Amino acid sequence: MSGEDPYDVASSSDRAFWADAVADTIEARDPEDPIVVKGGVSPSGVPHIGHFNEILRGYFVAEALRERGHEVTQVFTADDRDALRKIPRTLADLEGNVVGLGEVDAGALGRNLGKPYTSIPDPFGCCDSYGEHFTTLLERHAEAVGVPVDFVSNTERYEAGDFDSVVAHVLEHADEAREVLSAYQDKVDDEYVPFVPQCSECGILTEGVTDVDLDAGTVSYVCTDREAGDDTIEGCGHEGTATFREGKLPWRFEWPAQWQILGVDVEPFGKDHAEGSWPSGEDIAENVLGIEPPVGMVYEWFTLEGDALSSSAGNIVTVDEVLDLLEPEVFRYFFAKEPLKQRDFSIENLDQLVDEFDRFERVYFGEVDATEEEVERAERAYPMVVDEPREERIRIPYTFAAVLGMTEDPDLREQIARKEGHIPEDAPEWAIEEALARVERAREWARRTGNEFDYELKRTEIPDADFDAATEAALDELASFVDAGHDGEEIQGEIYETAKRHDIEIGDFFAAGYRLFFDDDEGPQLGPFLAKLDRDFVVARLRREQ
RNA sequence: GGGCCGGUAGCUCAGUCUGGCAGAGCGACGGCCUCUUAAGCCGUCGGUCAGGGGUUCAAAUCCCUUCCGGCCCGCCA
């Protein structure tokens, strides 16, 4: 039984980039083009960044193979005939806005437990079903991340009859099926039937199969109660028959069946599958279906802010939200890293990820010193991470972009960035535009995390402030100093001097400045910041006139 | 209880497959600068490679073992 160890596929080679190691394994099998890379999830609720392991790990493998001249298709199954097992805490509309259950008809959802996602009405009423709603959302996110993926609806495949022959084969060889699966699941006994019909009356997926008629291509069933976690889903007692298109294979069989139908050559999967579904899937593929299983590779789960991604615990972030904070290429870069390392995705420390990406980019263009290993990896992976390598591209350091975000004036942002040398004289217009787009993202990051960059220049209206006479006099003097024309360092020094002359605590005087400009107690380094603003405004504000 | 993955500087991680000087970025600290205030430049510090044992001339790397975090071994996916 079994091929390569899915833990070794991406790591045991001298390849600098793991996707090449996977591609090596696939090529060693001499597959026919097009090579099919698959992934898949149940559209059970709000898609989050964890789901993108399933898409992006496959994407890098696909790209590695394309670079070697293969034709590659990346497919993604929406496992939408799976049953809704528990009501999610939150949902999201098609724009990605996450909403609580209270805002939709939660009661209606509760009556649909045990039914396939595609048999449940869309709580938002905009798609044909619950399953289609969340699949659509995932498709949109995949598009936003820039990964070309063919989405496949499991339900549609069952309805179109694509699964017919596999279902017939499995039922015809039910003895082998039981024997193989029983090595992995204790509950499999002589009565086990590897098909789950959907009740024509109440719509739930029921396990009460009473008879199989291979010639007619149907199963008979009684709609019986079914356990789902701690709950029991009540069957309606209906006795009926279902065709092979009116139900589904149990997951352990469905996965290998998908491999057969779609001709899958490689599939990345999460570590939850590694010890259970994968070995049984390989076994079933070889010894029940008689096909060669794809190359499998395991990826580790990552945490969000140190904790498991969990929609019920509220610890999730969607792709939409993340793309408000960083460029798609930075997001893709995160998934280009070693798949087996357990790592954290931290919005709090997002600047680190962006910095790392910026360095990665500069390594590719040979602009910074790097180890041989880094260079090799960048040369291979960078072109897959960005849409198109362009050397003139400009990256404003993320935290500096956050500083620029303190002012809303786009011209001022550009002007400051130029003065600080982050935008070269001869930079092309497109590069400037892209570089400054990061300012909005960094601003959003500062706002979202409420971190030390979350200050907003109060330009249009002067904040409420009440200063004592000494402070007012000092501010007036500082205004005159600024009016006379000095650079940032001089202004910064003068703030200290002015405070001393008026016998004001240094910290208090800075606080007065932050109050006037940011309506806050703290802010960026004041002197250099003020020097970058237009002088008339700064002088007037220091004089509390505007 | 059994199996599997991960643990390397304060943080984020390379390096482990194939044993050969302990690495990078960020942060911190110091300086550039009469300055407790965050952006630039230069520099410095920073390590029980989770702990212990073994093999070896040589171990982050190989073997055994313990600890910590997570996954699987019921159902489901």
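Being a predicted model, the structure only gives us computed values, none of them experimental. Protein chains get the first letters and strands the later ones, always in sequence-line order, with residue 1 at the start of each.
Distance CZ (A:Phe253) to P (B:A77): 12 Å, rounded to an integer number of Å. Spacing between atom CZ of A:Phe302 and atom P of B:C13 amounts to 11 Å, rounded to whole angstrom units. If you take CD of A:Glu376 and P of B:A14, they are 16 Å apart, rounded to a whole angstrom. The separation between A:Leu526 atom CG and B:U37 atom P is 12 Å, rounded to whole Å. Distance A:Glu4 CD to B:C17 C1': 15 Å, rounded to the nearest Å. Taking atom CD1 on A:Ile347 and atom C1' on B:C11, their separation rounds to 17 Å, with Å as the unit. Whole-Å rounding puts the A:Leu340 CG to B:A14 P distance at 11 Å. The interatomic distance linking A:Asp8 (CG) with B:C17 (P) rounds to 12 Å, in whole Å.
With sequence neighbours excluded, the residues forming a ring pair (Phe, Tyr, Trp, His ring centres under 6.0 Å) with A:Phe481 are A:His486, listed by chain and number. Residues passing the salt bridge (charged side-chain N to carboxylate O under 4.0 Å, His left out) test with A:Arg380 are A:Asp20, A:Glu67, sequence neighbours excluded. The side chain to side chain donor-acceptor pair (under 3.5 Å) test applied to A:Glu440 returns A:Arg413, not counting sequence neighbours. In this structure, the side chain to side chain donor-acceptor pair (under 3.5 Å) partners of A:His502, at least two apart in sequence or on a different chain, are A:Glu477. A search for salt bridge (charged side-chain N to carboxylate O under 4.0 Å, His left out) contacts involving A:Lys500 returns A:Glu497, not counting sequence neighbours. Under the side chain to side chain donor-acceptor pair (under 3.5 Å) criterion, A:Asn53 pairs with A:Arg57, not counting sequence neighbours.
Regarding contacts with the backbone of B:U37, a side-chain N or O of A:Tyr496 is found under 4.0 angstrom from either OP1 or OP2. Phosphate contact (OP1/OP2 of B:C11, side-chain N/O of A:Arg343, threshold under 4.0 Å): absent. Considering only side-chain N and O atoms, A:Lys341 lies nowhere under 4.0 angstrom from the phosphate OP1 or OP2 of B:U8.
For the P atoms, the distance linking B:G15 with B:G6 amounts to 12 Å, nearest Å. Nucleotides B:A22 and B:A14, compared at atom C1', are 12 Å apart to the nearest Å. B:A9 and B:G47 are spaced 6 Å apart, taking the C1' atom of each and rounding to whole Å. B:C26 and B:C21: their C1' atoms are spaced 25 Å apart (whole Å). Rounded to the nearest Å, the gap between the P atom of B:G1 and that of B:U8 is 25 Å. Only the P atoms considered, B:C32 is 13 Å distant from B:U37, to the nearest whole Å. Spacing between B:A24 and B:G46 at atom C1', rounded to whole Å, works out to 14 Å. Separating the C1' atom of B:U12 from that of B:U34 is a span of 38 Å, rounded to the nearest Å.
Contacts of A:Glu207 with the nucleic acid, taken as non-hydrogen atoms under 4.0 Å apart, involve only primed sugar atoms and P, OP1 or OP2. The residue A:Lys86 sits apart from the nucleic acid: no heavy atom pair falls under 4.0 Å. No contact: A:Ser346 has no heavy atom under 4.0 Å from any strand. Residue A:Tyr455 is classed as a base contact, given a heavy-atom separation below 4.0 Å to a base.
Checking A:Ala16 against A:Gly527, the closest nucleotide of RNA chain B that is more toward the 5' end is the one next to A:Ala16. Residue A:Asn349 is the one, among A:Asn349 and A:Lys500, whose nearest nucleotide of RNA chain B lies closer to the 5' end (criterion: closest heavy atom).
If you check B:A60 for Watson-Crick or wobble pairing at under 3.5 angstrom, you find it has no partner at all. When both pairing distances are held under 3.5 Å, B:A28 makes a Watson-Crick or G-U pair with B:U44. Across all strands shown, B:G7 is found opposite B:C67 as a Watson-Crick or G-U wobble partner, with both distances under 3.5 Å. Pair assignment for B:U36: none, as no Watson-Crick or G-U wobble contacts are both less than 3.5 Å. Of all nucleotides present, only B:C73 satisfies the Watson-Crick or G-U wobble test against B:G1, with each distance under 3.5 Å. Base pairing of B:C21: no nucleotide in any strand meets the Watson-Crick or G-U wobble criterion (both distances under 3.5 Å).
Contact check for A:Tyr130 versus A:Lys115: no side-chain heavy atoms found under the 4.5 Å cut-off.
Nearest heavy-atom pair, A:Thr471 versus A:Ala512, reported as atom, atom and distance to 0.1 Å: CG2-CB, 4.0 Å.
Across B:C35, B:G15, B:A39, the shortest atom-to-atom separation from the side chain of A:Gln492 is found for B:C35. Considering only the side chain of A:Phe510, B:U37 comes nearest among B:U37, B:A14, B:A39.
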5' to 3', nucleotides 67-73 of chain B under a 4.0 Å protein heavy-atom cut-off (B base, S sugar-phosphate only, - none) gives --BBSSS
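Applying the ring-ring contact (aromatic ring centres under 6.0 Å, His included) test between A:His273 and each of A:Trp255, A:Trp278, A:Trp301 identifies A:Trp255 as the sole match.
Among residues at least two apart or in separate chains, salt bridge (charged side-chain N to carboxylate O under 4.0 Å, His left out) pairs with a member in residues 252-262 of chain A are A:Lys248-A:Glu254.
Taking only distance into account, the side chain of A:Ser277 meets the base of B:A77 through a donor-acceptor pair shorter than 3.5 Å.
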side-chain contact (heavy atoms from CB on, under 4.5 Å) between A:Arg541 and A:Lys458: does it pass, once the steps are laid out? CA-CA 10 Å; A:Arg541 178 58 58 87; A:Lys458 305 292 182 192; 4.3 Å; yes
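Atoms CG and CZ, on A:Leu205 and A:Arg226 in that order, are 6.0 Å from each other to the nearest 0.5 Å.
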Table of protein N/O atoms under 3.5 Å from nucleotides 21-28 of chain B N/O atoms:
{"unit_1": "B:A24", "atom_1": "O2'", "unit_2": "A:Arg359", "atom_2": "NE", "d": "3.4"}
{"unit_1": "B:A24", "atom_1": "O2'", "unit_2": "A:Arg359", "atom_2": "NH2", "d": "3.0"}

